[in-house]
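Contents: one structure, followed by commentary.
Convention: sequence-line order gives letters A, B, ...; per-chain numbering from 1.
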Amino acid sequence: MPEVYNWQLGRMMSYPYEEHHPRRQFAFVFNINRCIACQTCSMACKSTWTWSRGQEFMWWNNVETKPYGGYPHGWDSKLLSMLEEVNPGGQKWTAQDDKDHDWPYGTFEGMTIFEAAERRRLEPQSSRALGYLPTEEEWRAPNMHEEVAHGPLQGKGDRPGSAQLPEHRVWYFYLQRICNHCTYPGCLAACPRNAIYKRPEDGVVLIDQSRCRGYRKCVEACPYKKSMYRPTTRTSEKCIACYPRLEGRDDVITPDGTPVETRCMSACVGKIRMQGFVTIDDEGNWKAEPENPLYYLIRERQIALPLYAQFGTEPNGFYIPPRWVPRPYLEQMFGPGVQHAIEQYACPDRELLAVLQLFRATRNVIFRFEVDKGPKVAEVEVTMPDGTKKTQEIFNDTARGFGASGELVASVTIEEPTWVRPDEHLNSI
Amino acid sequence: MPSHPKDRPAEPADPFQMLAGGVEGDPLLMLDCVVEEYARMGLEADEIVALFEDPQFLATHGLRSLFGVEATRERVLSVLSRCGILRVTASAAPPTAPFPCKRS
């Protein structure tokens with residue numbers, strides 16, 4: 001297999017095709033800390049793209065509960081186990097302290113899904129990535145095993161024959177998932193018909209429905225299980241990144257051609273999502289654009305991390321990890337950059353705080369931001385992940401977001417915070 | 001064998017069985033973090049408390065069930081008295097087409 005460079009792994013790796021890169025890449029950041037699983041994103045996507053016959057089980061966007069659930073069930077733990085089986089004890093990172101390198105998370109010393117497939121000499125030869133085909137039962141429900149029956153609080157015996165259902169312990173977090181439009185997609189690598197391609201203009205990964213014959217090699221090889229089979233058409237389908245919206249060709253929403261965010265991003269009530277493009281230079285690297293909010297969050301500040309980078313597909317979805325989750329669990333999921341990301345996010349400096357305000361400030365895609373600095377208006381005590389206290393300074397700064405043509409599309413000004421007095425001190429002034 | 005299904009031992013082959021394993025974590029830390037997040041978004045105390053009351057939001061409602069109604073409310077107010085509620089004024093470019101609108 002040819003060798004390609006994977007910046008998330010900090011090394012070259014095997015991939016079935018030569019290295020090619022789009023001019024710019026669709027990418028997104030999800031802030032896990034803010035998601036309470038209202039599922040508005042899931043429904044926005046479902047009602048737009050997957051409401052037809054044969055698509056009943058298709059959730060191009062899903063929100064799953066970790067550590068309990070997954071869609072399809074156990075997708076990540078199964079593949080992690082398979083990789084561990086192929087390379088016992090070797091799936092490890094060498095952490096990188098110096099964040100200025102091209103490989104910000106260190107070096108992954110283990111095996112990717114492509115390398116593991118080579119090691120196992122998978123049969124048939126068309127299996128170019130380690131993977132598995134989920135059973136129909138595993139696709140059956142997006143929330144199976146994740147949550148429990150709910151309703152008004154009732155105790156055992158409140159109704160004749162009623163019982164208390166088993167419940168998970170009450171800490172978990174929600175993981176929002178769409179196709180990562182990977183730089184080295186497992187689905188594309190596995191397709192025996194070359195029906196899957198990556199668009200040169202924005203890096204969106206699509207399945208050519210006229211070429212697809214429904215062999216489901218993509219379903220098997222996608223480590224994130226975001227390629228799905230549709231029995232009524234006997235083809236596979238996947239998230240298309242709402243490309244008519246990205247192109248500004250949705251004449252209902254933006255008749256003037258302005259690029260707008262995808263349906264799932266636009267619908268997000270919790271303002272956890274930001275989506276845009278990063279520019280790829282002639283050598284295939286992310287062009288340094290510190291004024292691009294995505295580049296700023298992912299490469300400059302490194303508070304948003306790729307999901308299971310060790311699979312080796314170089315996903316272009318990034319997550320701000322949740323602060324309350326034990327670190328070993330998060331490190332398996334997001335790599336060795338977790339602690340650094342959480343420390344910065346827990347007590348953001350003025351510029352980072354300003355950029356974070358741009359999440360969902362507009363449905364237009366933000367290509368560039370500026371921060372206008374204002375006077376200090378407050379100091380806030382913040383509890384850091386290690387339990388120590390830190391003072392966060394709040395400034396009257398304004399974050400401005402600019403669209404594709406350089407036009408102002410959003411402006412958010414941070415004001416002086418207000419304080420809630422506990423009940424016992426309500427009238428103590 | 002215990003009579004009620006909930007008291008019977010787990011059967012891994014049962015596709016409806018709750019099988020996933022837990023990871024040790026601190027629900028109180030989760031509660032504090034969630035409150036801080038929504039305070040950073042500018043939600044009022046009552047709005048944040050309401051997130052814990054709605055049974056549709058299983059994570060926050062579960063925390064309320066775990067700690068109790070009063071204790072949860074007190075904790076929310078306590079966190080807000082420490083971290084404050086971030087205020088922002090925001091403006092966005094007006095939509096280039098009214099929404100909803102009809103195709104011409």
Side-chain angles (χ1 to χ4, degrees), chain A residues 33-34 36-38 67-69 137 144-145 147-148 150-153 163-172 174 251-256 258 271 322-326 329 357 361-362 364 378 380-383 394 403 407-423, chain B residues 4-6 15-27 29-34 36-41 44-45 51 55-63 65-67 74 76-78 80-93 95-97 99-104:
Chain A
N33 292 276
R34 288 189 175 174
I36 54 172
C38 66
Y68 306 112
E137 275 183 350
M144 186 71 78
H145 300 153
E147 296 170 338
V148 294
H150 60 82
L153 278 178
Q164 199 100 37
L165 289 168
E167 290 183 13
H168 291 306
R169 276 202 60 191
V170 191
W171 87 264
Y172 38 80
Y174 294 112
D251 57 355
V252 175
I253 303 287
T254 51
D256 64 344
T258 307
K271 300 185 178 183
R323 290 187 279 159
W324 60 84
V325 178
Y329 187 82
Q357 305 311 311
T362 171
N364 293 27
V380 175
E381 185 185 285
V382 175
T383 307
I394 308 286
E407 76 282 16
L408 181 69
V409 292
S411 173
V412 186
T413 302
I414 297 168
E415 311 282 0
E416 184 180 356
T418 56
W419 306 88
V420 174
R421 297 176 70 79
D423 287 347
Chain B
H4 197 282
K6 87 176 178 62
F16 287 96
Q17 183 73 48
M18 190 182 287
L19 291 174
V23 178
E24 285 303 311
D26 182 359
L29 176 63
M30 179 185 178
L31 194 156
D32 287 358
C33 290
V34 171
E36 282 181 19
E37 286 303 321
Y38 282 86
R40 281 187 188 179
M41 282 179 65
E44 299 293 343
L51 291 177
Q56 299 290 340
F57 299 134
L58 286 167
T60 45
H61 186 70
L63 289 167
S65 305
L66 182 70
F67 294 116
E74 279 171 20
V76 170
L77 297 181
S78 157
L80 294 180
S81 71
R82 175 171 54 78
C83 72
I85 297 174
L86 192 69
R87 301 290 178 192
V88 298
T89 51
S91 62
T96 50
F99 185 79
C101 62
K102 292 177 182 170
R103 288 175 189 272
S104 54

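The two residues B:Gly25 and A:Pro326 come nearest to each other via the heavy atoms CA-CG, 4.2 Å. Shortest non-hydrogen contact noted between B:Arg82 and A:Trp419 is O-CZ3, 3.3 Å. In terms of heavy atoms, B:Ala92 sits closest to A:Ala361 at CB-O, 3.3 Å. B:Cys83 and A:Val380 get closest at one heavy-atom pair: O-CG1, 3.2 Å.
In this view, A:Glu407 and A:Thr258, A:Ser405, A:Val409 satisfy the side-chain contact (heavy atoms from CB on, under 4.5 Å) rule, not counting sequence neighbours.
Expressed to the nearest 0.5 Å, how far CG of B:Leu58 lies from OH of A:Tyr172 amounts to 5.0 Å. Note that CZ of B:Arg40 and CD1 of A:Ile414 are 10.5 Å apart. Values are rounded to the nearest 0.5 Å. Rounded to the nearest 0.5 Å, atoms CD (B:Glu37) and CH2 (A:Trp324) are 7.0 Å apart.
At a 4.5 Å heavy-atom cutoff, the contact between B:Leu51 and chain A is made by side-chain atoms alone. Proximity to chain B is limited to the side chain of A:Gln357, based on heavy atoms less than 4.5 angstrom apart.
Note on A:Thr418, A:Thr362, A:Val325: by heavy-atom pairs under 4.5 Å with chain B, the leading option is A:Thr418.
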